[in-house]
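Shown next, in structure tokens, is the structure this report addresses.
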Amino acid sequence: EAGVAQSPRYKIIEKRQSVAFWCNPISGHATLYWYQQILGQGPKLLIQFQNNGVVDDSQLPKDRFSAERLKGVDSTLKIQPAKLEDSAVYLCASTSSGVWNTEAFFGQGTRLTVV
Amino acid sequence: AQSVTQLDSQVPVFEEAPVELRCNYSSSVSVYLFWYVQYPNQGLQLLLKYLSGSTLVESINGFEAEFNKSQTSFHLRKPSVHISDTAEYFCAVNALSGGYNKLIFGAGTRLAVHP
């Protein structure tokens, strides 16, 4: 079974630039999460999708962050414009449909550095 | 709302000594509990999970955790650690919120095993 795929692995941008991250979850997984992990902290949930619908985006800074999950499969997370404090690892995770107590599978993450 | 508190940000220990990493949670509904491990420059991996049944759960590499509902705790223990156990450990809670499961992480505990 293929795991959660994320790209790119690393990205360096200047502040005020835009950036996009891509995630391909495990096949058949209906729930997809995006987390932000700042150095030295635990993962913080940014947005959660159930199929192609958003079920929780309460901690997403909507003035600069956006995310979509077209056709309920792949997802992209965008930051526009980026700030220095957005430097972090962005993690994508997925869980299977209908069994909400199973483990979440994580991708390797995208390490973003904003300079 | 659910939350997770990891009481120690760093735990230094000598090789072959026992270790306990503490985790407390708060939630108004039934929860499912997880410990994830993150080795340097790697993604999050599930270490062990409590879903139901026996309150003591074990991992394949000698870690164990005990779910204590009255104390709302899920502490992680290992009787004898190895250098290779050096990593960041995250406690996580999965609970129903607004009709959907939500996976929330603690801030993490950095375990440093010294020879």
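Lettering of chains follows the sequences in order, A, B, ..., and the numbering in each one begins at 1. Every value quoted in this text rests on a predicted model; they were computed, and no experiment measured them.
Taken from CD1 in I104(B) to CD in Q59(A), the straight-line distance is 7.0 Å, to the nearest 0.5 Å. Taken from CZ in F106(A) to CD in Q42(B), the straight-line distance is 14.5 Å, to the nearest 0.5 Å. Interatomic distance, CD of E88(B) versus CD of Q41(A), reported as 10.5 Å (0.5 Å rounding).
Within a 6.0 Å radius of NZ in K71(A), no more than 12 heavy atoms belonging to other residues, nucleotides or ligands are found. By the neighbour-count criterion of 12 heavy atoms within 6.0 Å, atom CD1 of I12(A) is sparsely surrounded, having that number or fewer from other residues, nucleotides or ligands. Around the CD atom of Q80(A), the shell of radius 6.0 Å holds no more than 12 heavy atoms that belong to other residues, nucleotides or ligands. Atom CZ of R77(B) has more than 12 neighbouring heavy atoms from other residues, nucleotides or ligands inside a 6.0 Å radius. Other residues, nucleotides and ligands contribute more than 12 heavy atoms inside 6.0 Å of the CG atom of L84(A).
Of all non-hydrogen atoms in P43(A) and G106(B), the two that sit nearest each other are CD-O, 4.4 Å. Contact detail for S58(A) and K102(B): the closest heavy-atom pair is OG-NZ, 4.4 Å.
With hydrogens and angles disregarded, no donor-acceptor distance shorter than 3.5 Å links the side chain of Y35(A) to the backbone of F105(B).
Proximity of L103(B) to L45(A): side-chain heavy atoms (C-beta onward) are nowhere separated by under 4.5 Å.
Taking hydrophobic clusters as Ile, Leu, Val, Met, Phe, Trp and Tyr residues chained together by side-chain heavy-atom distances below 4.5 Å, V37(B) shares a cluster with F74(B). F21(A) and F65(A) end up in the same hydrophobic cluster when Ile, Leu, Val, Met, Phe, Trp and Tyr side chains are linked at under 4.5 Å.
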- Could you walk me through whether F90(B) and Q37(A) pass the side-chain contact (heavy atoms from CB on, under 4.5 Å) test, one step at a time? CA-CA 12 Å; F90(B) 294 96; Q37(A) 186 177 16; 3.2 Å; yes
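For chain A, the option among A107(B), G108(B), G43(B), S9(B) with the highest count of heavy-atom pairs below 4.5 Å is A107(B).
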